[in-house]
Amino acid sequence: MSGHISFFDSVGNYVDKAASFTDIPPGLIEQIKACNLVLRLRFPVRVGDDYEVIEAYRVQHSHHRLPTKGGIRYAESVDQDEVMALAALMTYKCALVDVPFGGAKGGIKINPSKYTIGQLESITRRYTTELVKKNFIGPGIDVPAPDYGTGPREMAWILDTYQAFRHGEIDSIGCVTGKPVTQNGIRGRAEATGRGVFYGIRECMRHEDDMKKVGLTKGIEGKTMVVQGLGNVGSNTALISQREGDVRIIGLSEREGSIYNPKGIDVEQLLAYRKANGTIIGFPGTEHIGGPLAALELECDILVPAALENQITSENAPRIKAKIIAEAANGPITADADPILIQKGCIILPDFYINAGGVTVSYFEWLKNLSHHRFGRLENRFHHDQFNGFVNKIEEMTGKTVDKREREFLTRGGTEIELVNSGLEDTMITAYNQIRDTLKDHPNITDIRTAAFVCSLKKIASDYISMGIFP
Ligand code: NAD
């Protein structure tokens with residue numbers, strides 16, 4: 001934790017700061033900040049010849065929209081405060097990107113690498129059973145997703161356990177998102193958070209006047225990036241930024257340490273190297289510069305902390321040289337480090353905006369599950385025929401022939417992945433421009449985090465007011 005303040009309290013402090021720029025009644029702000037439901041669980045799991053008591057949580061932070069939504073984390077750091085803080089961030093995140101859910105989060109206090117796959121399955125199924133028994137899961141109640149230490153495999157176990165209890169429930173496949181594509185998941189979910197991080201940074205860097213203020217030219221292309229954490233979010237951010245944004249990845253860090261190559265690191269090859277060798281250290285062409293925190297201090301244009309919270313503190317903040325920090329992880333900058341970085345003129349893209357791609361595509365998956373058909377299935381053939389008609393007409397009117405490849409491109413309907421990625425791109429661009437407009441409307445707000453909280457608070461408050469709960 002940062003200094004003396006807990007993670008949950010630090011989220012509350014950011015909200016208070018933002019609330020002072022709105023006319024939302026203080027009582028309503030208190031309701032918005034409060035965690036509505038906290039489930040604290042202890043259950044036994046058989047490990048070898050004995051039993052182990054597992055500590056777990058599920059927190060539903062806000063019910064102003066239903067279902068509630070948020071990932072499940074498997075980590076030794078999990079405690080009630082952390083899960084409450086992450087659930088609260090989900091509420092503000094969903095509101096910011098217009099995903100109609102309340103915020104939630106789950107956590108199991110384990111180090112997954114210490115258990116066999118069979119034991120992890122038992123833990124996941126037992127946890128899901130507890131959630132079913134307490135009515136804490138369901139497509140209209142609370143919908144978990146992957147987070148740190150979990151992925152599609154765990155989501156498939158959750159779905160299967162839920163369905164065993166709720167046999168015949170027509171929408172049961174919507175009880176969890178981030179499932180494997182073959183188990184009612186959606187294409188593009190696995191890389192959605194990292195892809196969203198890329199779209200968010202790219203949109204931020206499109207604005208010439210904003211970039212001038214930090215001494216950068218506009219555009220993401222050719223800029224240097226450092227990424228901490230090469231799990232789901234970090235590896236996809238690095239890969240997509242390199243492939244689609246022409247970004248130069250000069251530094252990377254994992255648990256085993258940090259590596260650096262000012263000429264750029266090929267991320268795809270590096271990931272293959274880590275898979276084969278169990279480490280990033282020793283990757284050809286790179287220099288080993290220190291422990292997992294060393295990369296954060298490299299001179300670069302964009303820094304992406306994508307591991308866990310509390311990585312940039314008041315201790316190392318004065319040595320951070322990045323011009324833009326994209327908080328791909330939740331809470332990587334502590335509350336006392338934040339003003340130090342702002343003072344230095346750093347642009348901070350806050351977690352509940354920049355990592356919202358995951359929940360956005362989870363929302364698309366949930367919509368797909370409730371509609372019981374793949375996006376594009378109904379309209380693809382129709383659009384294909386319609387576009388063919390247009391091309392025929394253009395050929396007839398101009399007397400020219402459109403070549404075969406061009407015709408194929410112009411007449412195809414969108415595939416699921418194309419529709420998902422375009423919906424994600426639009427969401428990240430729209431939300432960024434809402435935040436930017438809020439900054440313009442409030443000249444006294446000096447940072448993006450506060451402006452983003454103002455956007456979210458206004459939307460949540462208007463929901464409460466329209467429910468008639470607050471006049
Ligand atoms: P993950 O488990 O897939 O990956 C985390 C990676 O960080 C692992 O490779 C781990 O070895 C590495 N790591 C751990 N400690 C480190 C350290 N000190 N230095 C460098 N690397 C370290 O987790 P993830 O899903 O990628 O989540 C990462 C962060 O992103 C978390 O804060 C999570 O809450 C947030 N997030 C995830 C999603 C999602 O869709 N998965 C969505 C939004 C936010």
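One-based numbering, in listed order, for ligands and for the atoms of each.
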How are the rings of Tyr432 and Tyr353 set relative to one another: parallel (under 30°), tilted (30 to 60°) or perpendicular (over 60°)? tilted
Report, as yes or no, whether the 6.0 Å neighbourhood of atom CZ on Arg46 holds more than 12 heavy atoms from other residues, nucleotides or ligands. yes
Tell me, yes or no, whether the heavy-atom count around Gln343 atom CD, taken from other residues, nucleotides or ligands under 6.0 Å, exceeds 12. no
Could you check [atom] against the protein and tell me its nearest heavy-atom contact, residue, atom and distance included?
atom                    : answer
atom 39 (C) of ligand 1 : Thr193 OG1, 3.5 Å
atom 36 (N) of ligand 1 : Asp147 OD1, 3.7 Å
atom 23 (O) of ligand 1 : Tyr148 CA, 3.4 Å
atom 3 (O) of ligand 1  : Asn232 N, 2.9 Å
atom 22 (C) of ligand 1 : Ala307 CB, 3.6 Å
atom 9 (O) of ligand 1  : Glu254 OE2, 2.5 Å
atom 6 (C) of ligand 1  : Gly231 N, 3.6 Å
atom 35 (C) of ligand 1 : Asn330 ND2, 3.8 Å

So that I know where these two stand, are Tyr74 and Tyr148 an aromatic pair - ring centroids less than 6.0 Å apart? no
Report yes if [X] has an N/O atom closer than 3.5 Å to an N/O atom of ligand 1; otherwise report no.
X      : result
Leu308 : no
Arg255 : yes
Arg73  : yes

Among Val227, Val233, Asn236, which residue places a heavy atom closest to atom 26 (O) of ligand 1? Val233
Nearest candidate to atom 17 (C) of ligand 1, where distance is taken over non-hydrogen atoms, out of Pro292, Ser362, Ala294, Pro112: Pro292
[X] touching ligand 1 at heavy-atom level, < 4.0 angstrom:
X      : value
Glu309 : no
Ala306 : yes
Glu256 : no

Extract all donor-acceptor atom pairs below 3.5 Å that involve side chains of residues 198-207 and protein atoms in other chains or at least two apart in sequence.
residue: Tyr199; atom: OH; partner: Arg195; partner atom: NH1; Å: 3.0
residue: Arg202; atom: NH2; partner: Glu425; partner atom: OE2; Å: 2.7
residue: Glu203; atom: OE1; partner: Arg206; partner atom: NE; Å: 3.0
residue: Glu203; atom: OE2; partner: Arg206; partner atom: NE; Å: 3.2
residue: Glu203; atom: OE2; partner: Arg206; partner atom: NH2; Å: 2.9
residue: Glu203; atom: OE2; partner: Asn433; partner atom: ND2; Å: 3.0
residue: His207; atom: ND1; partner: Arg436; partner atom: NH1; Å: 3.4

Partners passing salt bridge (charged side-chain N to carboxylate O under 4.0 Å, His left out) against Arg73 (at least two apart in sequence or in another chain): Glu82, Asp147, Glu309
Within 45° of the six-membered ring axis of Phe283 and under 6.0 Å from that ring's centre, is NZ or CZ of Arg274 located there? no
Honestly, for Ala328 the part within reach of ligand 1 (heavy atoms, under 4.0 Å) is backbone
Proximity to ligand 1 by part of Arg189, non-hydrogen separation under 4.0 Å: side chain
Is Arg248 paired with Asp301 through a side-chain N to carboxylate O contact shorter than 4.0 Å? no
